Amino acid sequence: MRAKFLLCFILLTISLTSIAKPKLLVKHQRNAENLAEIQVINQTTKALICYVAIDGHKIRFRLQPRQPSKWYRATDPRFNHKDFSTWCDYLSLYPKYQKKT
């Protein structure tokens with residue numbers, strides 16, 4: 001009985017966290033100068049707050065619904081797609097990044 005309860009709890013936790021994440025598409029490419037580039041595409045109907053990081057430098061930006069970001073590129077050809085990290089979450093959860101009216 002206890003094992004069933006634990007299993008149900010774990011499955012519920014996993015399913016809730018997978019639903020809570022915004023749906024993104026991340027594209028990687030190399031440009032004409034052989035520098036790695038990344039683009040994040042928002043596939044939700046809500047605005048997102050995101051960052052792209054490489055080598056400890058974060059670039060934060062807002063991403064409108066169903067829109068791509070601009071291409072962000074590395075500064076050295078030795079970087080590749082594995083050196084980038086990305087993060088996005090719903091803008092409504094972060095009031096300090098919302099536009100002041």
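Treat the numbers as computed from the prediction; the structure is a model and nothing was measured.
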Same hydrophobic cluster for [X] and [Y], using side-chain heavy-atom links shorter than 4.5 Å among ILVMFWY?
{"X": "L24", "Y": "I54", "value": "yes"}
{"X": "Y90", "Y": "F61", "value": "yes"}
{"X": "I41", "Y": "I49", "value": "no"}

Next item on the list: Could you point out which residue of L91, L63, L93 forms a side-chain contact (heavy atoms from CB on, under 4.5 Å) with L48?
Entry: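 Going through the options one by one, the only one that passes is L63.
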Not counting sequence neighbours, which residues clear side chain to side chain donor-acceptor pair (under 3.5 Å) with [X]? List them please.
{"X": "T44", "value": "N42"}
{"X": "Y51", "value": "none"}
{"X": "Q64", "value": "none"}

Checklist line | E37 side chain to Y72 backbone, donor-acceptor under 3.5 Å | finding: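 Checked: no pair found.
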Notebook entry, point to check: With sequence neighbours left out, what residues match N80 under side chain to side chain contact (heavy atoms under 4.5 Å, CB included)?
Noted result: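 N80 satisfies side chain to side chain contact (heavy atoms under 4.5 Å, CB included) with R30, K82, D83 only.
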Note to self: The criterion is side chain to side chain contact (heavy atoms under 4.5 Å, CB included); which residues satisfy it with T75, sequence neighbours excluded?
What the structure shows: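 Listed in chain order: F79.
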Atom [atom1] of [X] and atom [atom2] of [Y]: how far apart are they, to the nearest 0.5 Å?
{"X": "D55", "Y": "F84", "atom1": "CG", "atom2": "CZ", "value": "10.5 Å"}
{"X": "K23", "Y": "R66", "atom1": "NZ", "atom2": "CZ", "value": "9.5 Å"}
{"X": "I38", "Y": "K70", "atom1": "CD1", "atom2": "NZ", "value": "13.5 Å"}

Note to self: With disulfide (SG to SG under 2.5 Å) as the rule and sequence neighbours excluded, what pairs involving residues 23-55 come up?
What the structure shows: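 Counting only pairs at least two positions apart or across chains, the disulfide (SG to SG under 2.5 Å) contacts touching residues 23-55 are C50-C88.
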Item checked: Whether Y94 and W87 hold their rings parallel, tilted or perpendicular, with breakpoints at 30° and 60° ->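 If you compare the ring of Y94 with that of W87, the planes turn out perpendicular.
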Notebook entry, point to check: Does atom CZ of R62 have more than 12 heavy-atom neighbours, drawn from other residues, nucleotides or ligands, at distances under 6.0 Å?
Noted result: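 Check passes, neighbour count above 12.
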Next item on the list: Identify the two heavy atoms, one from R60 and one from Y97, that lie closest to each other, and give their separation to 0.1 Å.
Entry: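 So the two residues come closest at NE-OH, 3.3 Å.
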Item checked: Validation row: V26, Q39 side chains within 4.5 angstrom (heavy atoms) ->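 Side-chain contact under 4.5 Å: no.
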